[in-house]
Peer 1: 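Can you keep this structure in mind? I'll have questions shortly.
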Amino acid sequence: MSEISKAYEPQSVEDKWYDFWLKQNCFTADPKSSKPAYSIVIPPPNVTGMLHMGHVLNNTIQDILSRKARMDGKEVLWLPGTDHAGIATQVQVEKALKKEERKTKYDLGREEFLKRVWAWKEKHGGIIINQLKKLGASCDWTRERFTMDPEYSRCVQKVFVELYKKGLIYRGKRMVNWCPVSQTALSDEEVEMKPQKGFMYHFKVQVAEIVGQASSLSQTSGRKDGDRLEACPTGAEIRLTDTWLTIATTRPETIPGDTAVAVNPKDPRYAHLIGKHIIRPLPIQLPPEKKLIPIIGDEHVDFEFGTGVLKVTPAHDKADFEIGQRHKLPVVDIMNANGTMNDLAGESLAGLDRFEARSVSVERLQELGVMIEEKPYENNVGFSQRADVPIEPRLSEQWFLKYPSVESSKACVEQADTSVGRASSRAANDQDGSPATSPDQKMRFHPDRWAKVYDHWLTNIQDWCISRQLWWGHQIPVWRRGPEWYEKQTKETRRASYEFLQQVSSDKSGDMTLKGWAANAEMEPDDFEFLEFQRVEVCLAPGKEDVARKLEDLGFTQDPDVLDTWFSSWLWPFATMGWPETIETLKKFYPTTDLVTGPDIIFFWVARMIMAGYEFMGEMPFKNVYFTGIIRDKQGRKMSKTLGNSPDPLELIAKYGADALRFGTMRSAPLGQDVLFDEKDVELGRNFCNKLWNACRFRQMQGGEVQGEIDPKLLSSDDKWILLKLDAAIREITEALNTYNFSTAVQALYRFFWSEYCDWYVEASKAILQSNDSARKANTLAVIDFVLSHTLRLFHPFLPFITEELWHGMGFSKEMPENQGGQTIMFAPWPKALDEDFKNFYGLSGQDKKFIETRNEFIVQGRNLRRNANIPANKKVKFIFRPAGQTSATDVEVLKLLLNAETVEVNPNFQPSKNDLAVRADLGELFLPLEGLIDVEAEKARLKKEIEKADTEISKVEQKLANPNFTEKVPAKVLEEHRQRLADWQNKLAHAKAALAALES
RNA sequence: GCGCGGUUAGCUCAGUGGUAGAGCACUUCAUUCACACUGAAGGGGUCGCAGGUUCAAACCCUGCACCGCGCACCA
């Protein structure tokens, strides 16, 4: 660092060191290492995503943890990678395709479209990885994984096969959350409830009776979905009554799909109508006998709500579907997959979007004269999280997973109310701050309140809809054949098919699982020969491509659906480590130590990973989960593209440097709270780096090599004070990191370095550095070197680039063994707090601390004198010091420097004249002779204020001490503190009064 | 409806029973001094409200208000 620039220029430093670290393989984890393991798996960003502030927060924390662990002597694996992000990526490519070629995915076909997605991934997939590198992320890039890597895909498939075999994965016709824009089913977690303003429509329907063969009406269960509803059997007659029912609904467009009207059987108003019918008003064109639907009784109906009469639309409402199941109602689906109405909705609605259909339905009801009122109404509607449109409950065939290992997953997380309190940290039973591990150790969430949220979710989970009607993703490894196949076969081909399937079913490896159904009943494999199945499916493990081909020859086709992206992400902690094919990495690094993620994916990802961990590894996937806050703008709004309030981290890095961005982000990210991001914080980070830079530059300008030995005999009080402050800072920062209190750690660093070291210590040390005493000078430099070399290490996890640059530039690297800081600060040992031996050897005691604190207070008062006398900061003045006791020449020199005095004359017998300003403290008295040009009134005012303050404090303390209840009950220590405080204030009062009297005399 | 979090200086937040704090912002002063990406000094708060426990409450308890979030949800 011979020619060190005046200001720190991160741009010239960051890439250099990142390349250096990569070339030296500093980030590469060695599973054969004898060091204790520390591991984190990255929450994989979307492969084609761009770095945003959430990533910055999240990955900075992981980098801090990783770098700290390396300095603690751990073998660190921070495993990076990306997620294929099914819907998001597919939508991106579809959009580009439309824009550039005006084509849809159907124009290309599945195979060609997937080629395009892969090409897109190749082109954009590296972007976010490079952005993470810019940030300084010390990931082991040799192990970068992607959720659609061949090995990873095999892992997903293997897991599917296992769960299928156990019967936990099954296909079923269910009501699912359908996104009409993405045209796929979604899991419950992907649905977001939003309040929506709309109307509650009240319309009336006429009750009808059937004369004749009414009993045959209940035989509707045999209908197939979509059959035209014909409630009135031929030959029977409909007789309209005088009774009308009023129905309340928010979705009149679904009337054509209504197959019953339900009332509560206990509702005295309507119970007697159960069994009668009504005539559905829509579709208008249909004759009344085709719109006759029954009035049923169901406990689900709340008679307080609406009119107490519920229209039942089994095809378009989850609750209605269940009612339909109970009463064997037909299910009439009146919509297409894209959310438009189909022919069953009637001529006037068919082809319309569901929301257009709503207003048209309202018009029709008005025309019919049955609309009674339209009340503005707000209700919660489920929205597709991705497409931001209301989801449509839809009956469809999907794959579901019954969650495995739920009980162990519930039991393994330390619950908030049973933990020992906030101090319980990973350091609780481990002195050096490493995570405690024992077989029965529980997983901890930080902050622990998330454990309750997790537990609640796990208690109420429903089966997970894992199939998606997309192309980009892991295709479901099941080959299926329907009953239609048989009709076209000869006896011989059936025989061949049977024989092959028998081979498959007798497979003992578990790689092939066969299931067959006939007449809607699952069959035992032995029965296959005798029955014609309606459906057969075969689930295949990886490596069975030959079987798949053969099955395809036999009329089977692979299920076209792909798996929910989270069905691959939930395996991330072990699939990335090579499971099940290689175990070396797993053995060393699984379970991982920490997981750092946002609470918004606690259900999507964290909970599911825990279940997968237990199910497939028999063990928790991580020991600690740190939940970051959500990054918001400074007004507290979520960051979003549309608001334009989401800064580009890369721009911030270019402007301020990566260290500055990291520092600023961490400083404002308290444990478990949302982070209000303000560019000012990054600016502060930049300023801080510059301060650090210049503090080192100052040391360099003093010349000389790194000073190793500190001579205890030559230490000044300031030296001892800063060593004690360093000790406190090491303790505070280490503890803060052990408890994941990153912002506390950053603030402690800031305070220690800027206020304590730069503002006080360096300024005071100039008294010696500017003297001619070369021995003491060298000793001071030794203290500075000691403090700086510790400081750089304390800073390294937060500010990796500048600390590396300075570590080498200052020559500290030369003082360390090659693999412990010699090569890079990354592996320099984390500073240890000063122990008793050290403190005894160097004579560090509380007395030194107290002395400097008092001295500094004295200096502040002295500066205050100048200020009150309106003496400009650049004007040097004479002070006279009347010491209360012994004083050294150095102390006086420091006073002179810090007061910016021309001289400080030491005169034990000084007699002030009446206009001299003075401050008095334990150290002695300081006089500022004024020689006329002063603002006596300002000083008087200040003293009066001080007297007032002292009086208030004194009376407060006196009052307490006068209370026998207080003096008798309070601990001795507190009592002593109060007495001391009283004495201090009385002392101050006396000083101030004397000064005032002097001015007034 | 149930649950969680929050309410402290103009702003953002620390502060788990014993003297109310930090950073930013603000006011004033200082540029050949390692650093103006700087230094020095200063002003600014009945700790959301009401009760209770205690010698002592920002802190513990109860209730309330407001803000935010999650879960559930009736058409």
Side-chain angles (χ1 to χ4, degrees), chain A residues 4 6-8 193 200-201 247-251 254 262 300-313 317 319-320 323 377 379-380 416 421-423 447 449-450 452-453 456-457 460 599-600 602-603 630 634 636 656 660 667-668 670 672-676 678 680-681 683-702 741 743-744 747 750-751 754-755 758-759 762-763 766 770 859-860 863-868 870-875 898-900 942 953 956-957 960 963-971 973-975 977-978 981 984-985:
Chain A
I4 184 164
K6 198 169 170 178
Y8 173 56
M193 298 306 277
M200 179 70 88
Y201 302 95
I247 300 176
T249 181
T250 53
R251 299 198 63 190
T254 63
H300 171 260
V301 180
D302 175 356
F303 42 91
E304 306 268 307
F305 190 88
T307 58
V309 184
L310 173 68
K311 71 192 237 346
V312 183
T313 326
D317 185 282
D320 287 7
I323 296 175
Y377 184 71
N379 64 337
N380 279 327
R422 192 177 275 193
R449 61 190 156 84
W450 292 107
K452 209 169 172 177
V453 177
H456 182 252
W457 182 77
N460 297 297
D600 48 337
I602 184 169
F603 310 137
I630 291 169
K634 62 179 166 183
Y656 300 105
R667 216 187 79 85
S668 51
Q673 300 251 28
D674 286 355
V675 185
L676 300 188
D678 186 346
K680 278 246 147 89
D681 288 318
E683 202 179 312
L684 191 83
R686 189 241 351 231
N687 296 354
F688 188 79
C689 290
N690 193 55
K691 188 76 177 177
L692 180 60
W693 182 259
N694 274 290
C696 288
R697 192 159 86 101
F698 173 75
R699 162 65 187 91
Q700 287 301 87
M701 289 168 83
Q702 305 307 312
N741 281 292
S743 69
T744 308
Q747 278 168 37
Y750 188 95
R751 186 212 60 230
W754 202 308
S755 310
C758 290
D759 290 347
V762 172
E763 292 309 317
K766 285 175 183 173
Q770 288 164 10
I859 287 168
V860 170
R863 287 165 172 171
N864 204 321
L865 279 186
R866 295 178 55 120
R867 175 96 190 99
N868 270 282
N870 271 333
I871 298 166
N874 61 340
K875 187 169 163 67
L898 296 183
L899 287 166
N900 194 26
R942 188 186 70 84
E953 293 300 328
K956 264 203 249 175
V957 182
K960 274 188 167 184
N963 182 350
N965 262 330
F966 176 78
T967 46
E968 281 158 25
K969 290 185 184 172
V970 91
K973 195 186 150 206
V974 175
L975 189 61
E977 267 170 23
H978 278 75
R981 198 189 311 155
D984 286 349
W985 280 112

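Below, chains carry the letters A, B, ... as their sequence lines are ordered, and counting in each starts from 1.
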Peer 1: Hey, does the side chain of A:Lys960 come within less than 4.0 Å of B:A56's phosphate (OP1/OP2), counting only N and O?
Peer 2: no
Peer 1: A:Lys691 has an atom NZ; how far is it from atom P of B:C33, in whole Å?
Peer 2: 15 Å
Peer 1: Would the base of B:A34 count as contacting A:Glu763 through its side chain, where contact means a donor and an acceptor less than 3.5 Å apart?
Peer 2: yes
Peer 1: Write down the distance between CG (A:Leu692) and C1' (B:A34), rounded to a whole number of angstrom.
Peer 2: 12 Å
Peer 1: Could you work out which one of B:C37, B:A41, B:A36 sits closest to the side chain of A:Arg863?
Peer 2: B:A41
Peer 1: Measure from the side chain of A:Arg449, starting at C-beta and using heavy atoms only, and say which of B:G18, B:G5, B:A34 lies closest.
Peer 2: B:G5
Peer 1: Protein within reach of the bases, or only the backbone? For nucleotides 70-75 of chain B, mark each nucleotide 5' to 3' as B, S or -, using heavy atoms under 4.0 Å.
Peer 2: -SBBBB
Peer 1: Taking CG from A:Asp759 and P from B:G39, how many angstroms apart are they, rounded to a whole number?
Peer 2: 5 Å
Peer 1: Between B:A56 atom C1' and A:Leu975 atom CG, what is the distance in whole Å?
Peer 2: 13 Å
Peer 1: Give me the distance, rounded to whole Å, that separates B:A72 from B:G3 when you measure between the C1' atoms they each carry.
Peer 2: 10 Å
Peer 1: Can you check the distance between B:C60 and B:C47, where both ends of the measurement are the C1' atom (answer in whole Å)?
Peer 2: 16 Å
Peer 1: With rounding to the closest Å, how many angstrom separate the P atoms on B:A20 and B:A40?
Peer 2: 26 Å
Peer 1: So, OP1 or OP2 of B:C35: does either fall under 4.0 Å of a side-chain N or O from A:Arg697?
Peer 2: yes
Peer 1: Under the 6.0 Å and 45° cation-pi test, does A:Lys766 pair with A:Phe698?
Peer 2: yes
Peer 1: Among the candidates B:G18, B:A41, B:A34, find the nucleotide nearest to the side-chain atoms of A:Pro971.
Peer 2: B:G18
Peer 1: Measure from the side chain of A:Trp754, starting at C-beta and using heavy atoms only, and say which of B:C4, B:G39, B:C35 lies closest.
Peer 2: B:G39
Peer 1: Write down the distance separating the C1' atoms in B:A9 and B:A14, rounded off to the nearest Å.
Peer 2: 13 Å
Peer 1: Using the criterion of both pairing distances under 3.5 Å for Watson-Crick and G-U wobble pairs, give all stems of 3 or more consecutive pairs involving RNA chain B.
Peer 2: B:1-7 with B:65-71, B:10-13 with B:21-24, B:26-30 with B:38-42, B:48-52 with B:60-64
Peer 1: How far does the C1' atom of B:U54 sit from the matching atom of B:C61, given to the nearest Å?
Peer 2: 12 Å
Peer 1: Rounding to an integer number of Å, can you tell me how far A:Tyr8 OH sits from B:A36 P?
Peer 2: 17 Å
Peer 1: Give a yes/no answer on whether the side chain of A:Lys956 brings an N or O atom under 4.0 Å of OP1 or OP2 in B:G18.
Peer 2: no
Peer 1: Whole angstrom is fine here: how far is it from CH2 in A:Trp693 over to P in B:A36?
Peer 2: 15 Å
Peer 1: So, does A:Asn864 get its side chain near the phosphate of B:G42, meaning an N or O under 4.0 Å from OP1 or OP2?
Peer 2: yes
Peer 1: Which whole number of Å gives the distance between the C1' atom of B:U28 and that of B:C66?
Peer 2: 39 Å
Peer 1: Measure the distance from CD on A:Gln747 to C1' on B:C13 and round it to the nearest whole Å.
Peer 2: 8 Å
Peer 1: Between N or O atoms, less than 3.5 Å apart, protein on one side and nucleotides 23-26 of chain B on the other: list the pairs.
Peer 2:
unit_1, atom_1, unit_2, atom_2, d
B:G23, O2', A:Arg667, NH2, 2.9

Peer 1: When the distance from NZ of A:Lys969 to P of B:A57 is rounded to whole Å, what number comes out?
Peer 2: 13 Å
